[in-house]
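Working notes, beginning with the structure itself.
Protein chains get the first letters and strands the later ones, always in sequence-line order, with residue 1 at the start of each. Every heavy atom of this structure was used, including side-chain atoms; hydrogens, water molecules and symmetry mates were not. Fair warning: this is a prediction, and the values are worked out from it, not measured in the lab.
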Number of protein chains: 2
Amino acid sequence: MQKIDDDDLKQQFMSECNYEFLFGSDMAQHAELLHFKVQEYIVENLVRPKYLFYLVKGKAKLYDSLANGKDALIDFFTPPCFIGEMELLDAKSAPFSVQVIDDCYCLALPVAKYQAQLLADPTFLRNVCIYLSRKNARNIKTASRNQGFTLSQRLAAFILLTEHDGYYNEKHTQVSEYLGVSYRHLLYVLAEFVKTGYLKKDRQGYHIIKLKPLQQLAREVTSSNS
Amino acid sequence: MQKIDDDDLKQQFMSECNYEFLFGSDMAQHAELLHFKVQEYIVENLVRPKYLFYLVKGKAKLYDSLANGKDALIDFFTPPCFIGEMELLDAKSAPFSVQVIDDCYCLALPVAKYQAQLLADPTFLRNVCIYLSRKNARNIKTASRNQGFTLSQRLAAFILLTEHDGYYNEKHTQVSEYLGVSYRHLLYVLAEFVKTGYLKKDRQGYHIIKLKPLQQLAREVTSSNS
DNA sequence: CTCCTAGTATGAGATTTCTCATACTTAGTG
DNA sequence: CACTAAGTATGAGAAATCTCATACTAGGAG
C-alpha cells in the first residue's frame, strides 16, 4: 500500500466516481488516495482496517478462508464501491479478506478520525445501506446458484457473463474458487466444452464457437436474474 | 396475515425488543402489530412488501427459488430482526421470499407513508446498516461452509448448533435446503450417524450418543467462527 | 541466467451427492 | 371419517465432484 500525493489524480477519481455526493458534509477534503499492487491485501483476514476505502480503479476480490485450507471467493469488487464498510459499522464483525486482482486505487478515510461523523451522516448511511443491500442480494444469488446448479450450467453462465469479443479469458484458479469447485473439476468441464466444440482454445484464449448451446445451458441459471 | 388490535400485546413486544430505540423519532406510535400463520409469506417472491417489518416473535426463513425448481434456504430469521428492509432501501431490488416457520408477530410500518422519514433518520439507518452487515457476514459464512465442507461435517456442526438437551429435532426438509443438499442425501448421512452410533432415534427425536466424534467432525466447520 | 511463484493441464480412482421410485406416517380439513 | 399436504424413510444406479500425483509454462526477482 502506498499513499499517492497527486491532487490532480485524486480530484479526477473523485469526480469520476461522484465521491463527494456520498456524504452529507465535505468529507472529500479528508480523503487520501492510496494505491495497492496486485495480490496486496486491502483488508487482511481478521485484521481491522484503519480506513474506510472507496475503490475508484482496479479490481479486487472478497474471500473467506476456511479452516481446511480452502478459500471461497465470495465477491468481486469493481469501481466504484466501498471496502471496509462492515468493519466501520460493526465493531464486532470479523473482517473477511479483500485482495487485489488488478492494481487498485482507493480513496480512503481514516476510521479513527471520522467514524463518529460518518455514523451520524444520513446521506452516507443511506448510500452504505443501499450498497450493503445490493451486495447481500448479489452474494445470496451467487451462493444459491452455486448450490442449485451443476458446474456446466454455472460455467456456461459465467463464460457468457465475462466474455469479451467472443473470448473467455478468466483465471481458472480464481474462477474455481468463485464457482465453488475444485480447480481440477473446472478444467475437466472446460475441456468438455472444448471437446463438444462449444469453445476452441487459441493464443488469445478460449474462443466461443457455439453460442446457442452455451446460452441454453446457462438459461436456468441466468433466469430469475433480478 | 392478520392485524392484531391489542395495544397491550403490542406494547409488550415493543418493550421486549426495544423497538422505540431503533428510531430517532417516535415511529412506534405508527407501527401496527401483525400476525402471520405457519407457511404464510411475509414477503413473497418478487412482490414488493408494503411494510417494513420487525419480527418480534416466531421464526421465519429467507429463501431463493431457482429456475430449476430447487429452493435454497439462505437464512433463518429469529426475533428481533428486520424484514423487508432491503426493499425499503433499494427500489431496484428483487425481493426474496420470506416464509413463516413458526407463527410470527411483526411490528410493521407502512412503507408508503414513512419511507422518506426513515431514510432521513440516522439512528434508524445506522441500525439497519449494522443489521445488514451482520446478516451479510452470516450469509457469507454459511455459503462458504456449504461449499467448502462435506455434508457430514456441516451436519455435525448443525446438529450441535441446534441441539436441545442432547436431542436433535429439526425438520429434514428444511435442513436439506439450508445445507444445500438433496433431502435424500441428508437422510443418508443421518442414517450413517445412527449406524455409527453417534445418534440414536427414539420417540423424542435423534438423541446424541457420542458427542466427541461429532465435535471432531464439526471442528473445522466451526472454527473461524467469527 | 536461474530460481521461484502462479498458473495451466491431464490421468486415475475414490467420494460425495443426485435423481427417481416407492412407502409409510401424521396432522389438519371438509 | 376420508382426503390431502407435509414430512419421514429407504433402495438402486448414475452423475458430479474431489483428491492426489505429475508436468509443463511464463514471468518476475535476484
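At whole-Å resolution of the value, CG in L151(A) and C1' in dC18(C) are 15 Å apart. Atom CD of Q99(B) is separated from atom C1' of dA5(D) by 13 Å (rounded to the nearest Å). Note: CG (L179(A)) to P (dT17(D)) measures 10 Å, nearest angstrom. For the pair L186(A) CG and dT19(D) P, the interatomic distance rounds to 14 Å; values are reported in whole Å. Atom pair N68(B):CG and dA16(D):P shows a separation of 13 Å (rounding to whole Å applied). Nucleotide dG28(C) holds its C1' atom 12 Å from the NZ atom of K37(B), rounded to whole Å. D103(B) has its CG atom 14 Å from the C1' atom of dG28(C), to the nearest Å. Taking atom NE2 of H185(A) as the reference point, atom P of dT19(D) lies 12 Å away to the nearest angstrom.
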Distances for protein N or O near nucleotides 20-27 of chain D N or O, under 3.5 Å:
none

What N/O pairs connect the protein and nucleotides 28-30 of chain D at under 3.5 Å? Give each pair on its own line.
none

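Using the six-membered ring where Trp is involved, Y168(B) and F158(B) have ring planes that are perpendicular, over 60° apart on the 30 and 60° scheme. Below 30°, between 30° and 60°, or above 60°: for Y54(A) and Y19(A) the angle between ring planes is between 30° and 60°, a tilted geometry. Ring-plane geometry between F53(B) and F36(B) is classed as perpendicular, the angle between the planes exceeding 60 degrees on a 0 to 90 degree scale with a lower cut at 30. Using cut-offs of 30° and 60° for the angle between ring planes, the Y188(A) and H185(A) rings count as parallel.
Side-chain contact annotation: D71(B) with S65(B), donor-acceptor N/O pair under 3.5 Å present. Side-chain contact annotation: Q12(A) with E16(A), donor-acceptor N/O pair under 3.5 Å present. For the residue pair Y51(A) and E32(A), a side-chain donor N or O sits within less than 3.5 Å of a side-chain acceptor on the partner. Between the side chains of N136(A) and N139(B), a donor-acceptor pair is found at a separation under 3.5 Å.
In this structure, K59(B) places its NZ atom where more than 12 heavy-atom neighbours from other residues, nucleotides or ligands lie under 6.0 Å away.
Of the residues in residues 154-178 of chain A, those placing a heavy atom less than 4.0 Å from an atom of DNA chain C are K171(A), H172(A), T173(A), in numerical order.
DNA chain C is contacted by both Y188(A) and Q147(A); Y188(A) maps to the nucleotide lying nearer its 5′ end (nearest heavy atom per residue).
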For ring-ring contact (aromatic ring centres under 6.0 Å, His included), just list the numbers for Y167(A) and Y206(A), CA-CA rounded to whole Å, side-chain angles, deciding distance to a tenth of an Å, and then say yes or no.
-> CA-CA 6 Å; Y167(A) 275 91; Y206(A) 288 86; 9.5 Å; no

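The phosphate of dT17(D) (OP1 or OP2) has a side-chain N or O of T150(A) nearer than 4.0 angstrom. Listed pair K70(A) / dT19(D) meets the phosphate criterion, a side-chain N or O lying under 4.0 Å from OP1 or OP2.
Of the candidates dC18(C), dA6(C), dC18(D), dA6(C) carries the atom nearest the Q39(A) side chain, counting heavy atoms from C-beta on.
Each of T142(B), V189(B), L155(B) was scored for a side chain to side chain contact (heavy atoms under 4.5 Å, CB included) with L179(B), with one residue passing: L155(B).
Ring to ring, F13(B) and Y105(B) are close: their centroids are under 6.0 angstrom apart.
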